[in-house]
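Read the structure below first, then the notes.
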Amino acid sequence: MNKDLLTLAALEARDMDMLFERALAMKDRQKKGIADKLMTGRSLGLVFDKHSTRTRLSFEVAAIQLGGVSIFISSRDTQMARNEPVKDTARVLSRYLDVVAIRTYSQAYLEEFAEAADIPVINALTDLYHPCQVLSDLLTVIEKKGGYKGLRIAWVGDGNNMAHSWINAAAALDFTLTLACPPGYHPDDAVLSAARSRGGKVEVTEDPHEAARNADVVNTDVWASMGQEGEQETRRAVFQPYQVNSGLMAEAAADAIVMHCLPAHRGEEITEDVLEGPRSVVWDQTENKLHMHKAILGVLLK
Ligand code: CP
Ligand code: NVA
């Protein structure tokens with residue numbers, strides 16, 4: 001693995017498999033009451049430009065369980081909000097912290113920060129990618145399905161940051177990803193072609209039933225991501241046929257699981273009965289963010 005975790009496009013299958021193994025082992029030890037104090041005396045910074053419940057909390061608890069500390073930095077309270085150059089902020093934070101996770105809008109900003117930082121930088125979500133979420137979601141797939149190889153994974157909804165990280169994962173791992181997205185809301189062409197050029201089995205359709213048919217995993221996310229609040233009404237109309245409901249789930253394999261990174265908008269991208277139903281694994285996804293973040297911190301801090 002590189003110094004940073006900015007995108008799954010930079011990871012090989014062996015990197016992801018190593019993270020899955022480490023996360024599963026750390027989860028097992030935690031359940032047995034064994035502590036992995038890999039961060040004793042070390043500090044994790046969390047620089048967040050956008051809201052978060054799960055990612056912030058799971059990273060904070062991960063650092064604490066590993067024997068380190070976490071420091072939450074709301075960027076609007078710092079000199080970043082008063083235009084201190086990114087490269088200066090990155091070098092300053094590198095003199096205090098051992099690792100930093102950043103949630104922001106621009107992937108280019110994150111990459112500029114990582115380039116100037118001496119410490120590992122983790123992408124805690126940008127407009128383009130959400131790599132840590134997809135790693136922890138794949139951990140849930142492995143637990144529920146016994147592995148990811150040969151699975152048919154469906155993405156139904158927006159071609160957004162989560163979709164892009166799933167596409168990046170499909171570039172390296174042996175599963176088939178079919179995304180159903182409305183016209184005008186397809187994933188980024190460059191992300192798709194990069195994955196296909198690495199041999200990724202990725203298809204895009206505009207028919208949600210085609211994506212869900214015989215799927216082992218059906219995945220969705222909000223129709224309007226953070227930063228797109230002004231498009232909420234337009235998107236609600238466009239995405240209505242892409243709702244994950246019992247009708248769509250009837251197309252999937254009998255033992256299919258339903259995934260959502262949360263927060264969920266019940267009655268929009270997913271219905272209450274499906275989200276709360278027996279095929280939903282959303283609370284396990286939430287828990288696995290903690291175990292995966294511990295594995296990521298352990299690997300990046302060495
Ligand atoms: N899934 C996820 O990233 O949730 P938060 O926005 O609450 O961190
Ligand atoms: N696509 C969503 C994911 C939230 C965890 C967003 O970016 O808001």
Side-chain angles (χ1 to χ4, degrees), residues 5-8 23 44-63 70 72-75 100-110 122-141 155-169 177 179-182 185-188 191 217-232 234-236 238-239 242-244 258-266 268-270 275 280-294 296-297:
L5 177 46
L6 306 181
T7 167
L8 297 186
L44 164 69
L46 294 164
V47 178
F48 277 42
D49 274 341
K50 293 180 172 180
H51 294 274
S52 175
T53 299
R54 284 146 284 265
T55 307
R56 172 183 174 173
L57 263 292
S58 53
F59 264 118
E60 294 218 37
V61 174
S70 79
F72 184 75
I73 307 148
S74 172
S75 49
V100 63
I102 301 179
R103 172 168 285 202
T104 190
Y105 294 87
S106 157
Q107 182 75 15
Y109 173 97
L110 182 78
I122 300 169
N123 182 349
L125 181 146
T126 61
D127 290 347
L128 192 62
Y129 298 128
H130 198 2
C132 298
Q133 180 71 49
V134 170
L135 286 172
S136 57
D137 290 351
L138 273 159
L139 189 67
T140 307
V141 169
W155 177 268
V156 180
D158 193 13
N160 63 11
N161 45 9
M162 280 292 299
H164 291 154
S165 285
W166 271 105
I167 293 167
N168 291 337
L177 180 66
L179 302 105
C181 310
Y185 297 91
H186 284 208
D188 186 81
V191 174
V217 177
V218 178
N219 224 315
T220 191
D221 186 15
V222 291
W223 290 339
S225 286
M226 289 180 278
Q228 298 171 334
E229 289 77 5
E231 300 174 33
Q232 193 100 37
T234 317
R235 284 171 171 265
R236 195 171 287 145
V238 171
F239 280 91
Y242 295 80
Q243 183 185 69
V244 174
V258 179
M259 305 187 82
H260 192 312
C261 66
L262 304 178
H265 294 179
R266 290 165 167 82
E268 293 189 20
E269 74 276 2
I270 191 163
L275 186 75
S280 167
V281 298
V282 298
W283 313 117
D284 296 313
Q285 286 179 255
T286 289
E287 177 182 339
N288 280 337
K289 285 172 73 75
L290 169 64
H291 306 298
M292 179 49 73
H293 292 168
K294 285 165 75 173
I296 291 167
L297 289 169

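In listed order, ligands and their atoms are each counted from 1. Keep in mind the model is a prediction, meaning the values are calculated, not measured. Side chains are part of it too, since the values below use all heavy atoms of this structure and drop only hydrogens, waters and symmetry mates.
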Q | Partner of His130 under side chain to side chain contact (heavy atoms under 4.5 Å, CB included), chosen from Thr55, Asn160, Asp221 | A |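 The option that passes is Thr55.
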Which residue and heavy atom of the protein sit nearest [atom], plus the separation:
atom	result
atom 4 (C) of ligand 2	Leu125 CD1, 4.0 Å
atom 4 (O) of ligand 1	Arg54 NE, 2.9 Å
atom 7 (O) of ligand 2	Asn161 ND2, 2.8 Å
atom 6 (O) of ligand 1	Arg103 NH1, 2.8 Å

Q) Where does Met162 meet ligand 1, judged by heavy-atom distances below 4.0 Å: at the side chain, the backbone, both, or neither? A)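 Neither part.
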Looking only at N/O atoms, are [X] and ligand 2 under 3.5 Å apart anywhere?
X	result
Leu262	no
Lys50	no
Arg103	no
Ser225	yes

Q: Say whether Thr55 and ligand 2 are in contact under the criterion: heavy-atom distance to a ligand atom below 4.0 Å.
A: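 False for this residue.
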(Q) Is the terminal nitrogen or CZ of Arg56 (NZ for Lys, CZ for Arg) located under 6.0 angstrom from the six-membered ring centre of Phe72 and within 45° of that ring's axis? (A)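 Yes, a cation-pi geometry.
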What atoms of ligand 1 come within less than 4.0 Å of a heavy atom belonging to [X]?
X	value
Leu262	1 (N), 2 (C), 4 (O)
Gln133	1 (N), 2 (C), 3 (O)
Lys289	1 (N), 2 (C), 3 (O)

Which atoms of ligand 2 sit under 4.0 Å from any heavy atom of [X]?
X	result
Asn160	1 (N)
Met226	6 (C), 7 (O), 8 (O)
Asp221	1 (N), 2 (C), 3 (C)

May I ask you to check whether [X] and [Y] show a side-chain donor-acceptor distance below 3.5 Å?
X	Y	result
Gln107	Asn123	yes
Asn219	Asp137	no
Ser136	Asn288	no
Ser225	Asp158	no

Q | Heavy-atom gap His130 to ligand 1 smaller than 4.0 Å | A |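 Judged by the 4.0 Å heavy-atom criterion, His130 does count as contacting ligand 1.
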Q) What do you reckon, does Leu125 put a non-hydrogen atom under 4.0 Å from ligand 1? A)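 Heavy atoms of Leu125 never come under 4.0 Å of ligand 1.
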Identify the heavy atoms of [X] and [Y] that sit nearest to each other, and give their distance.
X	Y	result
Leu135	Leu8	CG-CD2, 3.7 Å
Pro182	Val238	CB-CG1, 3.6 Å
Thr220	Val156	OG1-O, 2.7 Å

Q.
With a 3.5 Å distance limit and no angle check, can you tell me whether Arg103 reaches the backbone of Leu125 through a side-chain donor-acceptor pair?
A.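 No, because the side chain of Arg103 does not come within donor-acceptor range (under 3.5 Å) of the backbone of Leu125.
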Q: Would you confirm whether Gln243, through its side chain, and Glu268, through its main-chain N or O, come within 3.5 Å as a donor-acceptor pair?
A: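 Present.
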Q. What is the ring orientation for Tyr129 with His164, classed by angle as parallel under 30°, tilted 30 to 60°, or perpendicular over 60°?
A.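 Ring orientation, 0 to 90° scale: perpendicular.
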Q) Does the gap between the ring centers of Tyr185 and Tyr242 come in under 6.0 Å? A)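 Not under 6.0 Å, so no.
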Q.
Test of understanding: given a 4.0 Å heavy-atom threshold, classify the contact between Asp158 and ligand 2 as side chain, backbone, both, or neither.
A.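 Looking at Asp158 and ligand 2, no heavy atom falls under 4.0 Å.
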**Q.** Region of Asp127 engaging ligand 2 - heavy atom pairs below 4.0 Å
**A.**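 Near ligand 2, Asp127 shows nothing, with every heavy atom at 4.0 Å or more.
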**Q.** Residue selection (non-hydrogen contact nearest atom 8 (O) of ligand 1) among Ala124, Cys261, Cys132, Ser52
**A.**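 Minimum heavy-atom distance to atom 8 (O) of ligand 1 goes to Ser52.
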